[in-house]
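Have a look at the structure below, then the notes.
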Amino acid sequence: MEIYLDNNATTMVDPKVVEAMVPFFGQMYGNPNSLHKFGTQTHAALTKAVDQVYKALNAADADDVIFTSCATESNNWVLKSVWLDHIMHGHKNHIVVSEVEHPSVLTTCRFLEEQGVKVTYLPVNDQGIVEAHTVKSFITDRTALVSIMWANNETGMIFPIKEIGEICREKGVLFHTDAVQAVGKIPVDLQAVHVDFLSFSAHKFHGPKGIGGLYIRNSQALSPLLHGGEHMGGRRSGTLNVPYIVGMGLAMELATQNMSATSAKIRALRDRLEDALLQLPDVFVVGNRANRTPNTLLISIRGVEGEGMLWDLNNAHIGASTGSACASEDLEANTVMLAIGADSELAHTGIRLSLSRFTTEAEVDAVIDAFKKAVGRLRAISSSYAKVQPTHS
Ligand SMILES: Cc1ncc(COP(=O)(O)O)c(C=O)c1O
């Protein structure tokens with residue numbers, strides 16, 4: 001049995017989504033901007049996908065949803081265009097982010113710092129989230145943008161987006177949220193929160209890779225990142241990727257319909273896994289379960305290097321991760337665990353297990369068995385764990 005528990009890195013494309021996309025690689029290949037029948041066919045499919053996305057996010061007609069190639073592009077777009085529109089050509093000079101944002105935000109911020117922008121990296125609390133009052137205390141009259149993720153990719157911890165949105169509205173500061181790990185996992189209702197910009201990505205909710213989007217409240221101004229034709233009203237040029245957009249629309253619909261029943265099922269499996277692993281001595285889970293996305297578990301196992309654990313799990317045909325996919329090739333400590341205040345040794349032991357609606361109980365039970373065996377084997381050969389063991393006479 002092959003078991004995939006790395007769904008925060010990417011997900012399997014739902015077979016129903018593949019089926020819906022296939023015709024648009026074959027007979028329905030027209031450019032949706034063309035006026036002939038080839039174009040009108042694909043234009044109709046595009047319109048349906050747009051409706052699916054607006055409905056899933058509860059976006060208003062006055063808002064814009066612009067398709068991008070991925071959330072990395074959406075995040076780059078917001079940060080760089082706010083710099084261009086409000087800092088380079090305005091009187092503001094400051095951006096506020098959390099220190100546990102995805103590298104597509106953090107690396108862009110480092111780039112902006114090199115251009116002279118002042119960036120504040122907000123600390124997280126022991127639960128790995130930024131508290132709303134912390135955001136408030138760092139906003140100044142020169143702050144152009146606050147960018148705080150909705151849910152963290154490594155811990156699954158959910159940030160207080162509603163409260164942060166209210167603070168930004170009161171202070172007249174733009175608010176962007178990277179909702180890549182929230183959309184399709186927990187309710188995202190854009191009428192219930194005040195968010196100016198929101199990034200999402202299809203491959204995190206059983207859609208294809210290479211397609212994402214940016215929500216823009218009230219279709220407000222934001223200079224384009226890509227100039228060119230009049231695609232997407234001139235906001236993001238490039239011929240529209242109809243098969244992927246169709247796939248993303250359906251994937252979002254499938255992920256958000258019956259969400260409470262689906263997430264209850266995923267949560268029950270995640271909790272079963274978590275409860276079983278917590279019975280092992282010296283293991284810790286990051287973040288309070290009630291405030292986590294239902295599919296995620298970041299566990300650290302004293303004395304067991306994350307990479308060693310991945311190796312044993314891989315040999316048992318289980319895919320997991322030591323952290324975000326982008327960082328998992330490096331033998332580095334888990335940066336989110338360090339931010340929470342874990343010691344460096346413990347931060348090298350983090351293993352992220354992320355489930356999906358396709359995960360089964362039999363798979364979870366097989367992972368529990370494999371995990372226990374791996375912990376036993378790796379601790380037996382761990383010099384650091386031997387040191388913390390009580391000595392027996
Ligand atoms: C929180 C978060 N933001 C952004 C991204 C980047 O998404 P994409 O792969 O669509 O560029 C990821 C992917 O791991 C993520 O987890």
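Whatever order the structure lists them in is the order used to number ligands and atoms, beginning at 1.
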Side chain, backbone, both or neither: which part of S104 comes within less than 4.0 Å of ligand 1 when only heavy atoms are counted? side chain
If we number the atoms of ligand 1 from 1 as shown, the ones under 4.0 Å from a heavy atom of Q181 are 1 (C), 15 (C), 16 (O)
Give the contacting part of T72 toward ligand 1: side chain, backbone, both or neither, where contact means a heavy-atom distance below 4.0 Å. both
Taking both backbone and side-chain atoms of A71, is any N or O found less than 3.5 Å from an N or O belonging to ligand 1? yes
Distance-minimising heavy-atom pair for Q220 and R235: O-NH2, 2.5 Å
Is there a side-chain contact between R292 and V285, using heavy atoms and a 4.5 Å cut-off? yes
Looking at non-hydrogen atoms alone, which of N152, N8, D178 comes nearest to atom 4 (C) of ligand 1? D178
As a quick check of understanding, evaluate salt bridge (Lys or Arg N to Asp or Glu O under 4.0 Å) for D141 and K171, giving each step before the final call. CA-CA 8 Å; D141 56 1; K171 300 261 181 193; over 6 Å; no
Would you check whether E101 reaches within less than 4.0 Å of ligand 1, judged by its heavy atoms? no
Once you restrict to heavy atoms under 4.0 Å, what part of K204 touches ligand 1? Side chain, backbone, both or neither. side chain
N/O to N/O below 3.5 Å, does that happen between S201 and ligand 1? yes
With a cut-off of 4.0 Å, which atoms of ligand 1 are near a heavy atom of C70? 8 (P), 10 (O), 11 (O)
Is the closest heavy atom of H203 to ligand 1 under 4.0 Å? yes
Would you call R357 and D14 a salt bridge, using N to O less than 4.0 angstrom? yes
NZ/NE/NH1/NH2 to OD/OE distance under 4.0 Å, R169 and E166: yes
Supply the atom-to-atom distance H86 NE2 to N93 CG, rounded to the nearest 0.5 angstrom. 14.0 Å
Hey, does V17 have a side-chain heavy atom less than 4.5 Å from the side chain of P208? yes
